[in-house]
Number of protein chains: 2
Amino acid sequence: MDSLDRKIIAALRVNGRATYADLGRSVGLSASSVHERVGKLEAAGVITGYHAVVNPSAVGLGVTALVGIQPTDTAEDDDVAEALSQLDEVESCYAVAGDEAFVVKVRVSTVDDLERALSRLRRIAGVARTRTTVVLSTRFEGRANNASLDSPSVNSGA
Amino acid sequence: MDSLDRKIIAALRVNGRATYADLGRSVGLSASSVHERVGKLEAAGVITGYHAVVNPSAVGLGVTALVGIQPTDTAEDDDVAEALSQLDEVESCYAVAGDEAFVVKVRVSTVDDLERALSRLRRIAGVARTRTTVVLSTRFEGRANNASLDSPSVNSGA
DNA sequence: TTTGAAACTTTTATGTA
DNA sequence: TACATAAAAGTTTCAAA
């Protein structure tokens with residue numbers, strides 16, 4: 001990964017639909033070179049995908065909550081995570097340090113749906129308690145950290 | 001928004017670089033019709049952008065933490081949020097209900113960097129205390145909720 | 001690794017139903 | 001709206017450097 005790769009990545013984080021020709025113009029390479037580099041970045045697992053971002057309210061998901069999951073004494077983390085992944089409302093799932101095993105992000109339409117989702121979460125085997133933090137507004141989300149792209153990365157743990 | 005729009009959105013969430021021709025094939029519409037619909041979805045603010053997703057470790061951001069921000073009595077939320085947005089390490093910022101004003105997601109290279117980031121957070125005017133939850137592993141993140149796309153959305157709060 | 005050229009595909013504007 | 005068409009643009013492959 002050199003500085004050109006980092007520039008290409010930064011550009012694709014801003015606009016995931018940028019054409020190779022566009023990218024080439026902005027980094028000073030031919031479209032075919034960019035194509036080659038992007039292919040390698042994808043193959044190396046540096047770029048893991050491209051996704052359209054949708055306004056959650058516009059698709060009827062106006063309610064967001066962060067939920068800490070406290071496990072029972074005998075809970076198997078992997079089983080709990082698997083069960084969490086089965087629930088459509090759970091958008092993200094982080095295994096965390098502390099007395100909670102996971103923190104998940106839940107998105108639903110209404111507070112009624114939130115209530116139902118929480119009761120579903122609590123019924124998962126291995127879940128002892130949940131602690132819910134309701135999101136009042138999303139100030140920003142999923143922003144690129146460009147600090148990491150300005151300087152060569154030491155850690156290539158792809 | 002009809003069922004075709006929802007299918008197009010779902011497809012673009014899975015693959016943000018799908019061509020209009022691809023999308024047309026998968027929803028049974030011509031490329032030009034898809035182009036027209038996607039343009040409208042973008043203009044209406046339903047689709048807010050397209051982004052490449054990068055493996056954080058591969059760009060040297062292997063340490064993630066969720067940090068609750070407790071405000072001082074006199075803190076102005078908007079000022080705190082603005083200050084949070086100035087920090088590169090803060091990837092997402094949610095205003096929340098409860099005794100914390102915000103929960104933020106922080107991404108850095110090392111625990112040393114995390115320590116520095118937290119001390120930076122605590123120095124923000126209006127921040128009384130922080131509560132940090134270290135992420136041990138990301139089981140999944142930013143997954144599409146397809147439940148919202150199966151049925152017509154009532155809430156079009158774009 | 002980069003490039004330009006060639007073959008192929010997609011995009012995008014226009015006209016029509 | 002949706003579609004077909006066609007010109008412009010982009011993608012992708014490949015041989016050469």
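Residue numbers begin at 1 in each chain, while the letters A, B, ... track the order of the sequences. Source: prediction; values computed, not measured.
A cation-pi contact, defined as under 6.0 Å to the ring centre and within 45° of the axis, links A/Arg17 to B/Tyr20.
Between A/Arg107 and A/Glu141, at least one side-chain nitrogen of the basic residue sits less than 4.0 Å from a carboxylate oxygen of the acidic one, meeting the salt-bridge criterion.
With axes fitted over five pairs at each extremity, the angle between the ends of the helix from C/dT1-D/dA17 to C/dA17-D/dT1 is 30° (10° resolution).
As rounded to whole Å, 7 Å separates atom P of D/dG10 from atom CG of A/Asp22. Taking atom CZ of residue B/Arg17 and atom P of nucleotide C/dT10, one finds them 14 Å apart after rounding to whole Å. Separating the OH atom of B/Tyr20 from the P atom of D/dA2 is a distance of 15 Å, rounded to the nearest angstrom. Nucleotide D/dA9 holds its C1' atom 15 Å from the CG atom of A/Leu23, rounded to whole Å.
A/Ala81 and B/Phe140 get closest at one heavy-atom pair: O-CE2, 4.2 Å. Residue B/Ser109 comes nearest to B/Val63 through the heavy atom pair O-CG2, 3.4 Å, listed as atom of the first residue, atom of the second, then distance.
Put simply, the residue from A/Val46, A/Ile9, A/Ile8, A/Asp5 that forms a side chain to side chain contact (heavy atoms under 4.5 Å, CB included) with A/Val38 is A/Ile8.
For D/dG10, one of the phosphate oxygens OP1 or OP2 lies less than 4.0 angstrom from a side-chain nitrogen or oxygen of A/Arg25.
The number of heavy-atom neighbours closer than 6.0 Å to CD of A/Glu42, taken from other residues, nucleotides and ligands shown, is above 12.
For A/Thr110, the side chain to side chain donor-acceptor pair (under 3.5 Å) partners two or more places apart in sequence, or in a different chain, are A/Asp113.
No side-chain N or O of B/Arg37 forms a donor-acceptor pair with one of B/Ser33 less than 3.5 Å apart.
Of the residues in residues 26-42 of chain B, those with a non-hydrogen atom less than 4.0 angstrom from any atom of DNA chain D are B/Leu29, B/Ser30, B/Ser32, B/Ser33, B/Arg37, B/Lys40.
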